[in-house]
Amino acid sequence: MTETIAVVPGDGIGPDVTAAAVAVLESLGVGCTFEEYPAGDRVRADRGTALPAETEAAVTSADATLFGAVGETAADVILPLRRAIDAFVNVRPARTYPGVDALRPETDVVFLRENTEGVYAGHESRLTDDVATLTRVSTRPAARRLAEYACEHVDDANAEGITVVHKANVMSETDGLFRDTVCAVAERADVATEEVLLDAFATRICLDPAQFDVVVCPNLAGDVLSDLAAGLVGGLGLLPSANVGPERALFEPVHGTAPDIAERGVANPTAAILSGAMVLEYLGSDEEANAVRRAVESVLESGPRTPDLGGTATTDDVTEAVIERVRPGR
Ligand code: NAI
Ligand code: MG
């Protein structure tokens, strides 16, 4: 591989977990180049901007980006970066692993979250001291390409169809347009759809997650539901994600900077390492991606484990164990 991967470690546990992912990818010897770029709270404190132009330029020109997490400046960093590469879908798989204590071990679901608009479109106003408003944006093109992506990938998830989550009974224009567009695309592609109202979905996935495979949802709903699913499978340290655009993609753990455990060296690197596996898959190295996933599964099953999973291991212990299993006999 000759690809260049931009690495944006960010704040808090971001640098620890991205270093872990890079170490695992480097251990494969696939030959891609990693280039590190600054962003986040510390960068804003030092340089007055949370997202330097060089970082945005690198993300838009690299073959892929591995992102850690940024703190209070998340809206000033990750949202513009997703926009810069026109990342119209946020792919968030949530599954359980042998050896990991999960509330719902039967969970195996992929959220396909609309990633460009909804209530995250940035149209907020403070009208008076006591009144603030937010304009929600829902467009047919955004829902259409999300749905097209979902229909193209429904087979990858061994799914029979897609679940469309919305709240069109209340937000009849915005979510009505979203629902109608997604369902129309699915019908044309001959993909079965089930519609579930957002609030009811929250209960149903807790009670019986096995009924869901591919869940297509608006932006905020996907953000919240994927964290909910993290709770079902054993925690935020396990969930990777991909922000996919037409020509570029940015990969990041679903979690944030975890200030409560930052600088202690005990963050679970699994989500970031699995995001690295998604990078490899995106760049066409399926075999290496699967090797990383198998190594992660093996370590989750036998340990070492970080404290969030009930263990006492450090980030480095887990990373080393994954590297040993990716390349047996090293
Ligand atoms: P968080 O995801 O950082 O942490 C929530 C809980 O999960 C904490 O108890 C944390 O210790 C635990 N956790 C998260 N990742 C973990 C890991 N890898 N290993 C072990 N435990 C882990 O969410 P929180 O606390 O709401 O947000 C903290 C900061 O992160 C905020 O400033 C927020 O803006 C930012 N954030 C940034 C995101 C991004 O850069 N894409 C995404 C989400 C939050
Ligand atoms: Mg989130």
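Counting from 1, the numbers follow the sequence of the chain as shown. When a ligand or atom number is given, it counts from 1 through the structure's own listing order.
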Protein-side N, O or S atoms sitting under 2.8 Å from the Mg ion (ligand 2) are Asp223 OD1
Counting only heavy atoms, which portion of [X] has something under 4.0 Å from ligand 1: side chain, backbone, both, or neither?
X      : answer
Asp260 : side chain
Thr257 : both
His255 : both
Pro259 : side chain

Just jot down the ligand 1 atoms closer than 4.0 angstrom to any heavy atom of [X], in number order.
X      : value
Gly237 : 17 (C), 18 (N)
Phe67  : 40 (O)
Ala69  : 40 (O)
Glu72  : 32 (O)

Inter-residue atom distance Leu25.CG - Leu66.CG, 0.5 Å rounding: 7.0 Å
Test your reading of the structure: does Arg82 have an N or O sitting under 3.5 Å from an N or O of ligand 1? no
Considering only protein heavy atoms, determine whether one is less than 4.0 Å from [atom].
atom                    : answer
atom 3 (O) of ligand 1  : yes
atom 19 (N) of ligand 1 : yes
atom 24 (P) of ligand 1 : no

Does the pair Glu54/Arg47 count as a salt bridge with the N-to-O cut at 4.0 Å? yes
Ionic contact status for Arg204 with Asp199, cut-off 4.0 Å: no
Tell me: protein heavy atom nearest [atom], and distance?
atom                    : result
atom 5 (C) of ligand 1  : Leu236 CD1, 3.7 Å
atom 43 (C) of ligand 1 : Gly256 CA, 3.6 Å
atom 21 (N) of ligand 1 : Ile261 CD1, 3.6 Å
atom 40 (O) of ligand 1 : Val70 N, 3.0 Å
atom 13 (N) of ligand 1 : Ala258 CB, 4.0 Å
atom 16 (C) of ligand 1 : Ile13 CD1, 3.9 Å
atom 33 (C) of ligand 1 : Gly71 O, 3.8 Å
atom 41 (N) of ligand 1 : Glu252 OE1, 3.2 Å

Give me the ring orientation class for Phe201 and Phe111: parallel if the planes are under 30° apart, tilted from 30 to 60°, perpendicular past 60°. perpendicular
State whether a side-chain donor-acceptor pair under 3.5 Å links [X] with [Y].
X      : Y      : result
Asp316 : Thr319 : no
Thr128 : Asp130 : no
Ser138 : Glu173 : no
Asn243 : Glu252 : yes
Arg325 : Ser302 : yes
Asp223 : Tyr120 : yes
Asp16  : Thr315 : no

Is the CD atom of Glu194 crowded by more than 12 outside heavy atoms at less than 6.0 Å? yes
Ring centers of Tyr282, Phe251 separated by less than 6.0 Å: yes
Ser125 side chain vs Leu127 backbone, donor-acceptor pair below 3.5 Å: no
Tell me, with the steps shown, if Asp86 and Arg145 meet salt bridge (Lys or Arg N to Asp or Glu O under 4.0 Å). CA-CA 11 Å; Asp86 194 17; Arg145 57 185 182 164; 2.7 Å; yes
Quick one, Thr116 with Glu114, criterion side-chain hydrogen bond (donor to acceptor under 3.5 Å, both in side chains). Give me CA distance, side-chain angles, the key distance, then yes/no. CA-CA 6 Å; Thr116 60; Glu114 199 290 314; 2.5 Å; yes
